[in-house]
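All values below were derived from every heavy atom in this structure, side-chain atoms included, with hydrogens, water molecules and symmetry-related copies excluded. Predicted model only: the values in this text are computed from it and were never measured. Residue numbering restarts at 1 for every chain, and letters A, B, ... go by the order of the sequence lines.
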Amino acid sequence: MKIGVLAVQGAVSEHIVILKKCGVEGVPVKRKEDFSALDALIIPGGESTTMGRLVKKFNLDKKIIKMAQEGKPVYGTCAGMVLMAAEIEGEHPHLKLIDICVLRNAFGRQNESFETDLTVSLWGDKPFRGVFIRSPIVVRAGPSVEILSFFEDKIAAVRQGNLLATSFHPELTEDERFHRLLIDAAGKTLKKVKHN
Amino acid sequence: MVERGTIRVKKGLAEMQKGGVIMDVTTPEQAKIAQEAGAVAVMALERVPADIRAAGGVARMADPEVIKKIMDAVSIPVMAKVRIGHFVEAQIIEALGVDYIDESEVLTPADGLYHIDKKEFTVPFVCGARDLGEALRRIGEGAAMVRTKGEPGTGNVVEAVRHMRLIMGQIRKVCSLREDELMAEAKSLGAPFELLKEVKRMGKVPVVNFAAGGIATPADAALMMQLGSDGVFVGSGIFKSKDPESRAKSIVEATLNYDDPHILAEVSRGLGEAMTGIEISTLKEEERMQARGL
C-alpha cells in the first residue's frame, strides 16, 4: 500500500513519519505524475490560500478530485479540511469534495490556538489529543456527512464515505488512530478493486 | 482543559509554514499582493531592511497602527519584528494579537547581552542564527522557529548560503559523533547539551529552520531549499524589485519546485529587474546586521 501526502506546502513530513509508524509507505506528491499508483491521499495542514493556489496552478486539483471520485480515501487535516470543503465561509471553495461548509481561523489568531482532549464517537471514552492551530471549524454538514467529533458545540471531525477531515492535527501527536482509519479504508478499497 | 501557548502549539504553526515563502510588507496593499501570490505569512514592517539600512539611526518595532492595518487586510498569519532583548516591544506586539514575533537583528538591539525569555510568551518566536550553536541557544530561550541571518537588506544571498551550509555541516558532524563526544562538542559550539542530543537523535535542528537575509530571486529561493531550508523569508527582494507581483508569485512557485530546473526556468522568465544588491565586502564591520545579538 502506498499513501500520498500532498506536498505543495505545509506539514508533510509529520504525516509520512506517522504513516511509517503504522507500517505504511507515505510518499510526498507534488507533480501530476506522482499520483499514479496511490491508494490514498493525505492533504496536510499548511496555509490553505497558498495550497489552493498552487494545486490549481499546477493542475493537481483535477488529480485529487479524480482520486476521490474513484473511491480512494482522502484525509485532510486543518488546511486540508478547508481544501476539501464544498463551501468556505466568505471565500471561494477549492476542491469541493465533502459536503461541509467551513469557517477559516474560527478561533482567531495564533494566541487562541490550543490543544485539548476530544471525544471521538468511534473510540468511546478514550480521548484524542486535538491540536488546533489557527484552525477551521465545520459550520454546516450535509445529510451524508457523519460527525465524528465536537469541540464544545463545534464540529471538528467529519467523514463522508471514504473522505475524512479533521480541523485539528493528529500528525503533531503520537496517536495513530485517524491515520489507521485512513489505512483501513484504503485496504478495503484495494480488496474491492482486486475482487472485481 | 484547553491549553494555549504550549510548545507543540507554538512549534506547530511553524510546521504549517514549511515549504512556503514569508514576505516583508509595509502596507495593507502589499500584504494583499503577498497573500494573492501565495505567501504563507507576511512580516509587517514600517520599512523593509534595505530601507532600514539606508536610513541608518536606531530601528525600532513598527507602529502598532501599521501592524494592525496589515492584520486586518489579510487572512494569512502576520509576523512582526522586535528589537533583540526588548521584551516590552514583544509584550506590545503580543497584545496586538500578532501570530509570530521575529526577535530580529534587522532592528537595532536593545540589549547587548541578553535575548528575550521567549518561553514566557503565548505567541511563538522566530530568531536568526549564523551557526548551529546560535540556533540552539535561541531554541533554548524558547524560539519555536529559527532562520539564517544572512545579511539582511543586501539582495545578496552569499551570507544566507554560508550560514545554511555551516548549520547543515555542523548537524552532519553532530550525527557522526559518539555519545561520549557530545559534551565537548556542546562546549565548542556554545550549544545547550540537551538540545544537541536532540539534534543527534533527529538529524536536524529540533524546530523549523528557514532561510533569510539576501534572497532576491526565484533561483535564490530554490538554492536555499536545495541546501536544506524548510522555507524562505524574502525581505526587501520583492517590494524593492521592478515588478513585485510577478516576482512574489514566481518565488512561491520556485520554492515549491526547487528541484525542477525546467519549472525554475519557466517561472524566472521576464520578471524585470531584481533589487539592486550590495557586495558584502563593501560593508563596514558595524554595518553588518548579522553580527548583532549572538
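With a 4.5 angstrom heavy-atom cutoff, B:Asp230 does not touch chain A via any of its atoms. Heavy-atom distances place both the backbone and the side chain of B:Val78 under 4.5 Å from chain A. Of the atoms belonging to A:Thr173, heavy atoms from both backbone and side chain fall under 4.5 Å from chain B. The contact between A:Ser113 and chain B is made by backbone and side chain atoms together, counting heavy-atom distances below 4.5 Å. Proximity to chain B involves both the backbone and the side chain of A:Arg109, based on heavy atoms less than 4.5 angstrom apart. Residue contact with chain B, scored on non-hydrogen atoms closer than 4.5 Å, involves the side chain of A:Val131 exclusively. Of the atoms belonging to B:Ala14, not a single heavy atom falls under 4.5 Å from chain A. Contacts of B:Glu94 with chain A are made by both backbone and side-chain atoms, with heavy-atom separations under 4.5 Å. Heavy-atom distances place the side chain of A:Asn105, and not its backbone, under 4.5 Å from chain B. Neither the backbone nor the side chain of A:Ala79 comes within contact range of chain B, judged by heavy atoms closer than 4.5 Å. When heavy atoms are compared at a cutoff of 4.5 Å, B:Ala39 approaches chain A solely by way of its backbone atoms N, CA, C and O. Both the backbone and the side chain of A:Glu112 come within contact range of chain B, judged by heavy atoms closer than 4.5 Å.
Within the 4.5 Å cutoff, side-chain heavy atoms of A:Phe128 are placed close to those of A:Trp123.
The residues A:Lys21 and A:Glu174 are annotated as salt-bridged, a charged nitrogen and a carboxylate oxygen being separated by less than 4.0 angstrom. Between B:Glu15 and B:Lys11 no salt bridge is recorded (no basic side-chain N to carboxylate O distance below 4.0 Å). Using a cut-off of 4.0 Å between Lys/Arg side-chain N and Asp/Glu carboxylate O, B:Lys119 and B:Glu141 are scored as not salt-bridged. Taking the charged nitrogens against the carboxylate oxygens, B:Glu29 and B:Lys32 have no contact shorter than 4.0 Å, which rules out a salt bridge.
Between chain A and the options B:Gln17, B:Glu253, B:Gln35, heavy-atom pairs under 4.5 Å are most frequent for B:Glu253. Ranked by heavy-atom pairs under 4.5 Å with chain A, the list B:Ile76, B:Val252, B:Thr255 is led by B:Ile76. Taking A:Lys30, A:Arg31, A:Arg134 one by one and counting their heavy-atom pairs under 4.5 Å with chain B, the maximum is reached by A:Arg134. The candidate from B:Gly5, B:Pro77, B:Gly12 with the greatest count of non-hydrogen atom pairs under 4.5 Å with chain A is B:Pro77. Ranking A:Thr116, A:Ile133, A:Asn111 against chain B, the residue ahead of the rest is A:Asn111, based on heavy-atom pairs under 4.5 Å. The residue among B:Gly231, B:Ala41, B:Ala37 with the most heavy atom pairs within less than 4.5 Å of chain A is B:Ala37.
Among all heavy-atom pairs drawn from B:Gly20 and B:Val40, the shortest one is CA-CG1, 3.8 Å. Closest of all the heavy-atom pairs between A:Asp39 and A:Ala186 is O-CB, 3.9 Å.
Note: B:Glu3 CD to B:Thr122 OG1 = 12.0 Å, rounded to the nearest 0.5 Å.
Between B:Phe87 and B:Phe121, the ring center distance fails the sub-6.0 Å criterion. Proximity of the aromatic rings of A:Phe132 and A:Phe151 is defined here by a centroid distance below 6.0 angstrom, and this criterion is met.
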| field | CA sep, side-chain torsions, deciding dist, call: B:Tyr100, B:Phe125, ring-ring contact (aromatic ring centres under 6.0 Å, His included) | value | CA-CA 6 Å; B:Tyr100 235 98; B:Phe125 280 74; 8.3 Å; no
